[in-house]
Amino acid sequence: MKFNPSEFDRKWQQHWRENGTYRTTNDSTKPKYYVLDMFPYPSGAGLHVGHPLGYIASDIFARYKRLQGFNVLHPMGFDSFGLPAEQYAIDTGVHPSVSTAKNVQRYQEQMERLALSFDWERAVNTSDPNYYKWTQWIIGLFFHHWYDKAADKARPITDLEAHLEAKGAEDLMAAEGEALSITSAGFKAMDAKERSEVLMNYRLAFRSVSTVNWCEELGSVLANDEVKDGRSERGNFPVVQRPMVQWFLRITAYAERLLQGLDTVDYSEGLKAQQTNWIGKSTGAMAHFDIEGHDLQLDIYTTRPDTIFGTTFMVLAPEHEWVDRLTTEEQRSAIEKYKTYAASRSELERQSDVKVVTGAFTGSYCINPLNNARVPIYIAEYVLKDYGTGAIMAVPSDDERDKRFAEKFGIDIIDVVDKSNYPGASLKDKVGVMINSGFLDGMEVPEAIKAATQKLEDMGRGYREVNYRIRDLIFSRQRYWGEPWPIVYDEQDIPTYLPVEDLPVELPPMEDFRYRDGLAPLARATEWVDSPQGRRETDTMPATAGSNWYYLRYMDPNNPDAFVGKDVVDYWQDVDLYVGGAEHAVSHILYSRLCHKLLFDLGYVPSREPYKKLLNQGMIGAPITSINMAKVAVDGSEKTVWLGYGHEAGDTITLGDGTEAKVIAMDGSRKVPLRMVEETSVDNEAKFWLYQSAVNELVDDDAADAAYFRQILTQAEEIVWTKDKEGRSYIELSYQMGKMSKSKHNVINPDDICARYGTDAFRMYEMFLGPIDQAKPWSVSGIDGVSRFLRRFWNLYVNQDALNISDDEASKEEMKVLHTLIKKVTEDIEKLSFNTCVSAFMVASNDLGKLKCNKRTVLEPMLVLIAPFAPHLADELWAALGHTTSVHQADWPQLDEKWLVEDSVTLPIAFNGKTRFTLEFPADADKAAVEAAALANEQVQKQLDGAAPKRVIVVPGRMVNMVV
RNA sequence: GCCGACGUGGCGGAAUUGGUAGACGCGCUGGAUUCAAAAUCCAGUUUCUUCGGAAGUGCGGGUUCGAUUCCCGCCGUCGGUACCA
């Protein structure tokens, strides 16, 4: 039997598929374990070597848990709705359903190639109507419920109607759009339309007008996390603010619980911090300021009520609803001018010059409730309409922005906090002693915050308030490729959420789904819109709708009657280990947690959190290599050439025909597809070379990156080659490390690696690269080492192409190697430290090689240990050892500590903490015996040079330290 | 600015509760094998060294018999986020 991975990889992959080796049952007496990967969006590019990192890690863990006797749910699916497929369709004319199906198949093949042990019978696909029927149904739960703050949970909207009928809005503690004052009689008197509007104020999925991120090029609104620096994350198009009617999910109702829940889950600190920041809880006070000459109270939110005596002006957001009312005649033109200016500013402009102070005076004044001071009211764009009340009390002495504003507009600054006892404290640190603040004088800041809040409350001019940064989730997209909102409107525009019998509301077949004439694509499917039940909603849901709950569908993927069966979800409960990229740290995880909490409130799921433990794998980067363009002077004329790394203007170079040329200027660079590049090491430095032979091969190559590079080469007249030792022509490329992406031409395809080295080598190498959660560069050079190791490992079992296994008793040393390995691998898999597992296998294999061990008692359990990492090789050798069932159905070897016990122990002998040499001691020697033996030793005496040590520290089994 | 992660040979990285720093692999050097090469195998590989040793985990301090590990203060890299009152 030969070591031939490309042969046995195929053989075993087929075997596992045909035998359903990885099929999971819902009906088992074994304990459950759920290992989940974030499902991919199946893009046309296929997988690159960065994707499988997390998949391989979770696969190893899933396989390990199976071998340990767990019933493991380890599924995979596809997040196939969303913008890219639709953009691709618009660009190429291929319908998203067609390209999606093709890509899904490609992904599945690639994943099988990587021996990922998914139960494919459980695969889900978010754009499949059988799946999105339940997505629509779950979003319906949001529509049919409201959040009762008193009970701290979601309740049916019918309960709310009963409450309103009985008592009106009195005693109603609800998460709401705005505070409504409704009486019982008033509610009863309302017609259907009015009632619908009132209820909409409370629904967890609601329709509302709001300023949204509008992207004209994409023809859709975007969620905040889909916008980066004022441009769309997808496509990098400009995004503007625009008021629109949209569907929302009331995530703000769950802000506190989403925050609290983070304490109960095992996520990284960084990820918890990101979610915490996103939720953005702050504690402070509401305060009411009377407005001079108006029967109005200006409400403001502040985290620093202690500084209220330092308030020297107020600021409203330019869009604040009272701006017009508060503007005096003489200020009207200035205010109008400023409002026009503010409205013209894009999100991008606002963000780019944050330090620029602008604003205008309304002409009106407020009265400070605590000291009756008269303070002017300004408007300025640094106050945001959507945070707090859209208005602030400005305290220039203790706020950086207020200070800049006061300085620019010549407003008084009153110091109210003496920080002289806190050197180094910055303006916004909540420390110091109050001054110039009436009854607060002399108090420390934390005390003063409490006192000021209490005073406001006693006066009826304010109260303690908690504020959250998080905004309700915009859940409408004016796009085609997503779940239609299953809503119909009657003649009065009253929306009805269609019941489960009418779901799914499927997408109408359309050829052209561009956004045009201000109409969403679905609005043009007129026959579809005019349904017998009423006029259909034409917005679709964002991609996050399907991924919110997919982990539940895997439990019971074909259930026609429910999104998941009750008994099934009671068995599988929740995800024990969730593995995926950190780029979804905020949005996907947060929205998924929201969805889960609603389902929990309504009794559909038994747990409060969907993902118990989360592992974010690090990104794998790759070199991005470039060729440089230069203008050179030769024989009085100019020429454009390609130059290697390290040239600058003024250099003299030799052209291909032997003439000399002078570099006039470097003129940019172009990316070279990594596939054509050779990595070399010169003087311990990585170099990337492009060979002339690789360029010559381009002529016949029809791959996309070859076409791209052929086109690049036409942009200059020649490449200035250098000769290497063998006389081959090359050019050295400039490079930097970066994320793998098609546009950077540095994608490395796992298929090629698997074909060349075998899947087992690829899997182990990816794990060997470093800690799973750390970003690391891809380098192909190390894979040879892993490949060599697997061959050596194989040769422990096979000699001269024949199985070479002895049934003799193994020696103590051999057993020690095995049990050391069992201990190390078991512990390290539990710690998700896969790179050290690979080292442990190498060490064991090296040790057994030296011992020339071929004992079945040692080698057989080792196959079970390595099976999660190298599943093909393990099954191939396992079968050769005479087994008729797969190694993946074996039992994990048990550690027997007795093999690890030593007769003697080697201890380092240190003097003043510096290790000098080691000595052997009997393993059972106690402290005194070790000390005596050490002092009697010749080397120790020599080191001590006749003197007695001041102190001898013996740590049994660890070391001996002598203080001299 | 704020939040988070990290900083160890030429490179990827290892080091249990504070206890032999550099495991394992790559690369490199030398050797064996070969007509030769590839592949394989063996030995060496932190730096300096007067060959006795000495220094050494971003920098500067501290705690300790002993610090890559704990504490304080800096510097740097990466990721996230930002007029949030």
- prompt: Looking at A/Arg401, does any N or O in its side chain come under 4.0 Å of the phosphate oxygens OP1/OP2 on B/C84?
  reply: yes
message: Can you tell me if A/Asn835 touches the phosphate of B/A14, counting only side-chain N or O atoms and a distance under 4.0 Å to OP1 or OP2?
response: yes
- request: Could you give the distance separating B/U33 and B/G27 at their C1' atoms, to the nearest angstrom?
  value: 22 Å
query: NA contact type, A/Ala273, heavy-atom cut-off 4.0 Å: base, sugar-phosphate, or nothing?
result: sugar-phosphate
- line: For A/Asn746, the side-chain hydrogen bond (donor to acceptor under 3.5 Å, both in side chains) test, sequence neighbours excluded, returns none
Structure string for RNA chain B in dot-bracket form, Watson-Crick and G-U at under 3.5 Å, | interchain: (((((((..(((......[....)))((((((.......))))))(((....)))..(((((..]....))))))))))))....
task: Pick the C1' atom in B/C78 and in B/A32, then give their distance to the nearest Å.
output: 46 Å
message: By the 4.0 Å heavy-atom rule, please label A/Ser839 as base, sugar-phosphate, or nothing.
response: base
query: Taking OP1 and OP2 of B/U81, is either one under 4.0 Å from a side-chain nitrogen or oxygen of A/Gln274?
result: no
- prompt: For A/Tyr301 and B/A85, is the shortest distance between a side-chain N/O and OP1 or OP2 below 4.0 Å?
  reply: no
task: Would you list the pairs meeting side-chain hydrogen bond (donor to acceptor under 3.5 Å, both in side chains) in which at least one residue belongs to residues 948-964 of chain A, sequence neighbours left out?
output: none
- prompt: Which is true for A/Leu769 with a 4.0 Å heavy-atom rule: it touches a base, it touches only sugar-phosphate, or it touches nothing?
  reply: sugar-phosphate
- prompt: Say you pick atom P in B/C70 and the same atom in B/A14; how far apart are they, in whole Å?
  reply: 16 Å
field: Distance-only side-chain donor-acceptor flag, A/Asn4 / A/Ser6, under 3.5 Å
entry: yes
query: When all nucleic acid strands are considered with a 4.0 Å heavy-atom cut-off, which category describes A/Arg791: base, sugar-phosphate, or nothing?
result: nothing
task: Could you measure between the two P atoms, the one in B/U40 and the one in B/G60, and give it in whole Å?
output: 44 Å
